[in-house]
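Step one of this worksheet: look at the structure below.
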Amino acid sequence: MPTITLPNGDKKSFDHPITAAQVAASIGAGLAKAAIGAKLDFGDGPALRDLSTTIDRDASIAIITAPKPNQAATPDALYLMRHSAAHVMAEAIQDVIGKDVQLAYGPPTDTGFFYDMFVPAGKKISSDHFDAINKRMAEIIKEDRPFTRYEQPGDEGLKRLKSEGNKYKVDNAERALGLPSSVYQSAKPLAATPDTSSLRHSVTPSLSFYATGAPGRNWEDLCRGPHVPSTSRIGAARVMSLASAYWHGDENSDRLIRVYGTAFPTQEQLDAYLNQLEEAKKRDHRVIGRALRLFHIDEDVGQGLILWTPNGSIIRKELQTFIASELKKQGYTEVFTPHIGRLELYKTSGHFPYYKDSQFAPIVEREDLEKLSAAGRTCAEMTNRVEAVSERLARGINERTGAQTITPDRIKPDDQLIEGFMLRPMNCPHHAKIFASSPHSYRDMPVRLAEFGTVYRWEQSGELNGMTRVRGFTQDDAHLFCTEDQVAAEVQGCLTLVKIIFATLGMKDYRVRVGLRDPDSAKYTGSAESWDKAEAACIAAAESLGVAFSKEPGEAAFYGPKIDFVVKDVIGREWQLGTVQIDYNMANRFDLSYVGPDNHPHRPVVIHRAPFGSMERFCGVLIEHFAGSFPTWLSPEQVRVLPISEKTNEYAGKVMAALRAADVRCSADLGNDRVQGKIKVAADEKIPYMLIVGPRDAENNAVSIRARGTEKDLGAMPLEQFIDGIRAEIAEKRAELGVRP
RNA sequence: GCCGCUGUAGCUCAGUGGUAGAGCGCACCCUUGGUAAGGGUGAGGUCGUGGGUUCAAAUCCCACUAGCGGCUCCA
C-alpha cells in the first residue's frame, strides 16, 4: 500500500491505490482545485504525469498547479498547458482545414509548442486561416472537455493506427514500442526520440491515446502525455506562425508543415508575451542598423556581404582598438595577410577538399580555362583537375593523418593539375606560413600571431541573416603556436581575454560550451594523452571563468577540443561568438616545428582563438544587447550641440570645435527647427549627450546637459568641465552616462 | 539548398484589372522658438527583374532574384 512523500518531506500512507488528484485533495481543497498535473517519482527519477495517474506503490509527489492570478507559471505547468494546447490546435486545424490533415509530432517548446503535419495535396494552410483556427481553439478551450487517457495493447493500437493510414503516427507508435520503423527509411541513423523535456519515459508494451473529451466520440491522438485535466485549464492559446520542417529532421524525407503556437495561463499573460515580441522586433539589429545607419547590405554587392557604413565603422574600429590594446598586454604580435591564397595551400591545410561545398568557387587562371576549352575539355574535366592534388601532396598528407579527404582518383601529376586561388575560408594557413617562415626555439614560444582577418564562406542562402550569418566576415583571429606544456596557460589567457571583453560590454547573458571528443569515434587526430591534457585544460579554464558551462562530448573539432561562447539574439536564436580551439593537426600538415631544449625539432600545438568570433556577428549581437543605445565610448556620435535658435549657432560651432579638439565625436544641429524638434531627432538617434546652448550659456561659456535616457534638463555646467568629464568616461569605457553638472 | 510568406518614394506602409498614394525623411520659404517634432511649398517612383494573359497589369499566371520566418548546415 503506497506511502507518498510530499515535497516538504511529510509522508502520507494509504491503504489502497490512489490517484494523484486524490492525493492533492487529501492535502487541501485549494490545492486540488489548482492542480493540473503531478510530478511523480517511483524511485526511477521524477516524471510529469496526469493528475489521474493511479499510484499503487511508494512514490514521492509534487503537485503541479496552475499559477494564481498575476503569478508566473512554473516550467512544468507551462509544459502541461502547452502540450495540451498542441492537441487543441491540431483539432482546430483539422476542423478548419480538413480531417485528412495528417498529424506527425507536436511537442511543447521554450516559448510555446508546435505541431508538424502533412497537408494533403490540393489543401493548404496559410496565415489566412489563423483567425478561424484561433476561434476554434477558443471554443474547444471553453467547452472544458476532459483530457481522457486510455491505453491499448501495442499490437492492437498499431493495427488501428495502420488502418487509419497515418504513417507518421504509425512511426511514432513503433518507436514508442521500441520497434524498428516500418515506414521511415533513411540513410542517416535514426535520431533519438525527440524530447524537449528532461523527463524520462519508459517504453511500454502498450500505446496511450488521449481523447479531448470522450474516447470514440471526441477528437483523439496517439500521445504519451501528460496533459492538463481538461481543456479550460490551458488558459489562452494562439496559433503563431507557419514553417516547414522535415520528417525526422531529414532533408531527404517528407516535408511537413510546422504550425507554431503558444499558450499562457491567462489572456493577459499571452498579450504581454505578444507585446514583448513586438518590443523585441524593435531591438532587432537589422531594424536598428538601418535606422542608425550602421551597416548596409546591397543586392548588387551580394548576399551576405556587409557594407560597414561610417557609423557602424566607428563602432567596429573602437572594438578593434580595444581588443588590440588587450592583445598587446598579453604579448601578441600583429600580422597582415591577403584575403586569397593558392589552392595548394588549402589542399595542404585540408580546408579545400573537406569544406569544398561551403567555400566560394576557386579562382582559376584564365589561361588554363582557355587551354582546356581549346582542347575541347568539359567542365567536369576542369573540376577534376582543379580538385585533384599532386602526388607529392597526397603522400605528405596521407603519411601524417591518413587523410580521408584525398581519394586516389583525384591524385594527378603536376602537369595535369590546374592551379588557382581561393578566397580564404580561414586565416590559419597564412599564419602557419608566417610561423614557418623563420626558425623558432622553445625559448621564443609561444608565438602569438593576431590579425583581424577577413574570411569568406559560402553559407547556404537560406541561412543568411543580417550581420549574424554572412558570407564575408572578419575574425578577430589569432593563432598561438605553443609547446604542449604551454597549452593550459594559453587557453587560460584566451578565456581571460573573453572575460575582459564581456565584462567591459556588460554582456552577462551567454553560455559556454566545452566541446569534447566523442569517446566512441576514431575520427580525431592527435594522441590520446594530448587529448586528455587538452580537454582537462579546457575544463579547468572554463571552471575558472565562474560561469556555468556544459561539457559536450562529440562536439570537439576533429583536430582538438574547443570552448565556445554562445549568446541569444532578441528573438531567442543562439549564435556562437567567441571560440578557443586546440589543434593537433595543423602543425603536422604544415610541418611546423621548433627546436626544443634537446636540440631536436618538436611539433608545436596550435590554438585558434577569436574572442569576438566575427566582427560582423559580434556587432549585430551588440546592437541588440544595447538596443542601439551604445555606451559613450562606442557611440558613433557622442555629443550633439543643439542651439536654441540660429542666434546661438556661432557659439554652438565653438562648442563643437572644442569637443572635436578633445577627440570627442560631435556634431551641431544648426537647422531652423525649434529645440524640441532637435531633441526628438537626437533622441531617436540615441546620442548619449545633448548640449543645449542658448544666449545664457554662450555668455557663461557653459552648456546645458541632457543625457540619453533622462527625460529632463540636467542643468548647465562649464564647457571645460563637461569635456573633462566625457573624456574620462570615454577613456574608462564606462557603461553608464555619468557626466552631470 | 528546402518549404512558406513578402518585394510600391530614402524609411514605414496603403493601394485586387481602368491616369501611382500617405506619414516620416529630404530641399526651399515663413517662424528665432530654453528641453521628445511650429507652419507652408516642392522635389522624389520604368510599383524587385524578365516573360505571359488581357483592349488595359502595381494588381492575374510563370520563371528568376532579393528579404523575412522556419528546416537542414555551420571548419
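In what follows, every chain begins at residue 1, and chains take the letters A, B, ... in the order their sequences are listed. In this text, all values refer to a predicted model and were calculated from it rather than measured experimentally.
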Starting at atom CG of A:D669, determine the distance to atom P of B:G25, rounded to an integer number of angstrom.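 Rounded to the whole Å, the gap is 12 Å.
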By nearest atom, which of the nucleotides [options] is closest to the [X] side chain?
X: A:R696; options: B:A75, B:C2, B:G34; result: B:G34
X: A:E299; options: B:A66, B:G38, B:C68; result: B:A66
X: A:N672; options: B:G70, B:G33, B:C30; result: B:C30
X: A:K647; options: B:U32, B:A37, B:G67; result: B:U32
X: A:S244; options: B:G1, B:A36, B:C3; result: B:C3
X: A:P695; options: B:G34, B:G1, B:C74; result: B:G34
X: A:E646; options: B:G33, B:G69, B:A75; result: B:G33
X: A:Q676; options: B:G70, B:G34, B:U35; result: B:U35

Could one point to a donor on the side chain of [X] or the base of [N] with an acceptor on the other under 3.5 Å away?
X: A:S358; N: B:A75; answer: yes
X: A:R708; N: B:A36; answer: no
X: A:R258; N: B:C71; answer: no
X: A:Y246; N: B:G1; answer: yes

Determine which nucleotide pairs with [N], using a 3.5 Å limit on both distances of a Watson-Crick or G-U wobble pair.
N: B:C68; result: B:G4
N: B:A75; result: none
N: B:A63; result: B:U49
N: B:G33; result: none
N: B:G44; result: none

Base, sugar-phosphate or nothing for [X]? Non-hydrogen atoms, less than 4.0 Å.
X: A:Q576; value: nothing
X: A:E459; value: nothing
X: A:R255; value: sugar-phosphate
X: A:S126; value: nothing
X: A:R290; value: sugar-phosphate

Run the salt-bridge test on A:E387 and A:R410 with the 4.0 Å N-O cut-off and return the result as yes or no.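 Yes, this pair counts.
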Lys/Arg N to Asp/Glu carboxylate O, A:E574 vs A:R469, below 4.0 Å: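 Result for this pair is no, no salt bridge flagged.
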A:D298 atom CG, over 12 foreign heavy atoms within 6.0 Å: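 For A:D298, atom CG is crowded (more than 12 foreign heavy atoms under 6.0 Å).
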Which is more 5' along RNA chain B, the nucleotide nearest A:R457 or the one nearest A:I297? Just name the residue.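 Mapping each residue to its closest nucleotide by heavy atoms, the 5'-most match is A:I297.
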Pairwise [atom1] distance, [M] and [N] [rounded to whole Å]:
N: B:G45; M: B:C61; atom1: C1'; result: 25 Å
N: B:U49; M: B:A58; atom1: C1'; result: 14 Å
N: B:U53; M: B:C26; atom1: P; result: 46 Å

Do A:R255 and A:W247 meet the cation-pi criteria used here (NZ or CZ under 6.0 Å from the six-membered ring centre, within 45° of the axis)?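 The answer is no; the distance or angle limit is not met.
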Would you kindly check if the NZ (Lys) or CZ (Arg) of A:R258 is within the cone defined by 45 degrees around the ring axis of A:F114 and under 6.0 Å from the six-membered ring centre?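 Yes - A:R258 lies over the ring of A:F114, closer than 6.0 Å to its centre and within 45° of its axis.
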Taking only N and O in the side chain of A:S241, is any of them less than 4.0 Å away from OP1 or OP2 of B:G69?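 No, outside the criterion.
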